[in-house]
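First listed ligand is number 1; within each ligand, the first listed atom is number 1. The shown structure was predicted, so the numbers you read here are calculated from the model rather than taken from an experiment.
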Amino acid sequence: MPFSPRLAPHLNGRILTPEDPGYDEARTVFDAHVDHRPALIARVGGPDDVARVIADARETGAELAVRGGGHSPAGHGVCDGGIVIDLSALRSFELDSAGHTVWAGAGLTAGAYTVAAGRHGLATGFGDTGSVGIGGITLAGGIGFLVRKHGLTIDNVLAAEVVTADGRLRRVDARTEPELFWALRGGGGNFGVVTRLQYRLHPVDTVIGGLLVLPATPEVIAGFVAEAEAAPDELSTIANVMLAPPLPFVSEEWHGRPVVMARMVYAGDAGAGRRAVAPFLALAEPVADLLRPMPYPDMFPGEAGPRRFAEARAMFAGGVGTRQAETILERIGESSAMMAACEIRVLGGAMARVPADATAFAHRQSRLMINVAAIYDPSTSERSEHAAWVGGLAAELDDGDRGAYAGLLADEGQERVRAAYPGATWQRLAAVKATYDPDNVFRLNQNVPPEA
Ligand SMILES: Cc1cc2nc3c(=O)[nH]c(=O)nc-3n(C[C@H](O)[C@H](O)[C@H](O)COP(=O)(O)OP(=O)(O)OC[C@H]3O[C@@H](n4cnc5c(N)ncnc54)[C@H](O)[C@@H]3O)c2cc1C
């Protein structure tokens, strides 16, 4: 047995084994390629449970996975035959509205957090998807709709509670165990199980937000990127170049033709927001203009995104001009996927004003993040064909920024993990790992082995 029978009676939370109803749902993660069957899923009730499960896994030698929202592109939130620490029951939200801070349970999703904070006209920036877990995205960095105005998610983390491999619950911040606090902000799940996080909240109430769909020509794509870079920090954009799907708000003549589908958030005064989005509307006659004043949480419609078969490659880049835009348009037309897209996020702003060595996320000066993705139907096409398409376009767009984003890494090998943590960041993370997890108990992640 890969876990001790003594474990169950001592947990406050719930244990799920293959015989239990709910087991299949609990082992399901977002990436549809992943179909692992853990021996046991421990839906922990708090740090004491976490410490007991860690001790048991160490004693029995069972593999240990840590699951928040289950969105790891590498499927790291579940394992085959081992134990999963499932944090989904840790959903506390203890707001100090006067101080604009909150202690949030690591099992919350970004969407649930945003809705809870939104009731007070406050927000912390996560990513673009409500069902992503706040634990996973925060430990990776967190690049989303408020990145230019309020920085990465980690730039708004004030403290964390973490159970380390020795079973100790540690409360860490910039003064208490500062090296561990540094490593948690970008270094992923390498250092322990985070049970609660304290965040800074910002007044973000009504934003100018929503979707703008433009015809995709090389000039429009390059112009969009240039305008997004020139825009005030209040404006963050996530633009997908893709063939227009048959959505109700896209007129039929546009279905299947190349468009820029941009989600945009201006977090500031409405009048200034209208002025900030005007240059984008002037790039071409919009296919659809759904930009409007809206409560910020409306940017996260619904919680449960469908599981999907996808091949994707995320990378940082210095720019997208008309030459790269031409390449993107050409390749998008060649993909046989159900949906092929090249997502472009313009970075900069508050994120870039934090020194690169202030946290374990080192890519502060990269101007763009690009994510090439193919979502496909495995009954009609082969994974390898989509992987080749994704890899090909990513290689063509590679302009020498070697960085990788840990949060969007699939199982891409050690070289890519090192690309996420370049140079001195790697050495420093390996040293922190040697202090807090010398036996590499937490290795089912984008792993930084302990310094020898
Ligand atoms: C559809 C989709 C959209 C995304 N959008 C964005 C985006 O806009 N911006 C962005 O920055 N990223 C984005 N990501 C990447 C995402 O932030 C990371 O994959 C993140 O790690 C997922 O967290 P999770 O808790 O949902 O996943 P899980 O699979 O549950 O966790 C991922 C890994 O993180 C670690 N982990 C999670 N929680 C804890 C914890 N409490 N303590 C210790 N370790 C933990 C574990 O190693 C775990 O294996 C997206 C991913 C997907 C699939």
[X] neighbourhood, listing ligand 1 atoms whose heavy-atom distance to it stays under 4.0 Å:
X: Phe30; value: 1 (C), 53 (C)
X: Gly189; value: 44 (N), 47 (O)
X: Pro73; value: 19 (O)
X: Gly127; value: 7 (C), 8 (O), 9 (N)
X: Arg67; value: 30 (O)
X: Gly77; value: 29 (O), 49 (O)
X: His76; value: 49 (O)

Show your working on salt bridge (charged side-chain N to carboxylate O under 4.0 Å, His left out) between Asp155 and Arg364 and close with a plain yes or no. CA-CA 11 Å; Asp155 300 334; Arg364 303 278 183 175; 2.8 Å; yes
Check: Ala106 main-chain N/O paired with Thr195 side-chain donor or acceptor under 3.5 Å: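 No.
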So is [X] polar-close to ligand 1, meaning N/O to N/O under 3.5 Å?
X: His71; value: yes
X: Leu87; value: no
X: Ala106; value: no
X: Val66; value: yes
X: Gly133; value: yes
X: Ile143; value: yes

Of the choices [options], which has the non-hydrogen atom that lies closest to [atom]?
atom: atom 20 (C) of ligand 1; options: Ser131, Gly136, Gly70, Gly68; result: Gly136
atom: atom 51 (C) of ligand 1; options: Asn190, Leu184, Asn445, Leu408; result: Leu408
atom: atom 12 (N) of ligand 1; options: Ile137, Ile134, Val132; result: Ile137
atom: atom 39 (C) of ligand 1; options: Val194, Ile238, Leu139; result: Leu139
atom: atom 29 (O) of ligand 1; options: Gly141, Gly407, Ser72; result: Ser72

So is [X] touching ligand 1 or not, going by heavy atoms under 4.0 Å?
X: Gly144; result: no
X: Val193; result: yes
X: Gly142; result: yes
X: Arg345; result: yes
X: Phe191; result: no

Protein heavy-atom partner closest to [atom] - residue, atom, separation in Å:
atom: atom 5 (N) of ligand 1; result: Asp128 OD1, 3.1 Å
atom: atom 3 (C) of ligand 1; result: Thr129 OG1, 3.3 Å
atom: atom 25 (O) of ligand 1; result: Gly69 N, 2.8 Å
atom: atom 43 (C) of ligand 1; result: Gly192 O, 3.2 Å
atom: atom 11 (O) of ligand 1; result: Tyr405 OH, 2.6 Å

Is the ring pair [X]/[Y] parallel, tilted or perpendicular, if the boundaries are 30 and 60 degrees?
X: His71; Y: Phe30; answer: parallel
X: Phe93; Y: Tyr113; answer: perpendicular
X: Phe126; Y: Tyr199; answer: perpendicular
X: Trp426; Y: Tyr421; answer: tilted

Looking only at non-hydrogen atoms, find the nearest pair between Ala410 and Ala74 and report the distance.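 For Ala410 and Ala74, the tightest heavy-atom pair comes out as C-CB, 3.7 Å.
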Considering non-hydrogen atoms only, spot the tightest contact between Ala112 and Leu108 and give its length.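 Scanning both residues completely, I find the closest heavy atoms to be CB-CD2, 4.1 Å.
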Is it the case that atom CD in Glu94 sees more than 12 heavy atoms from other parts of the structure closer than 6.0 Å?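 For Glu94, atom CD is crowded (more than 12 foreign heavy atoms under 6.0 Å).
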Side-chain H-bond candidate by donor/acceptor type, [X] with [Y], under 3.5 Å:
X: Thr435; Y: Glu179; value: no
X: Asn156; Y: Thr124; value: no
X: Tyr436; Y: Glu177; value: yes
X: Arg170; Y: Thr164; value: yes

Leu139 CG to Asn445 CG distance, which is reported to the nearest 0.5 Å: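 Separation between the atoms: 10.0 Å.
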Calculate, to the nearest 0.5 Å, the distance between atoms CE and CG belonging to Met261 and Leu212 respectively.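 One gets 10.5 Å once the value is rounded to the nearest 0.5 Å.
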Using 4.0 Å as the upper bound for N to carboxylate O, is an ion pair formed by Arg14 and Asp20?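 No, this pair does not count.
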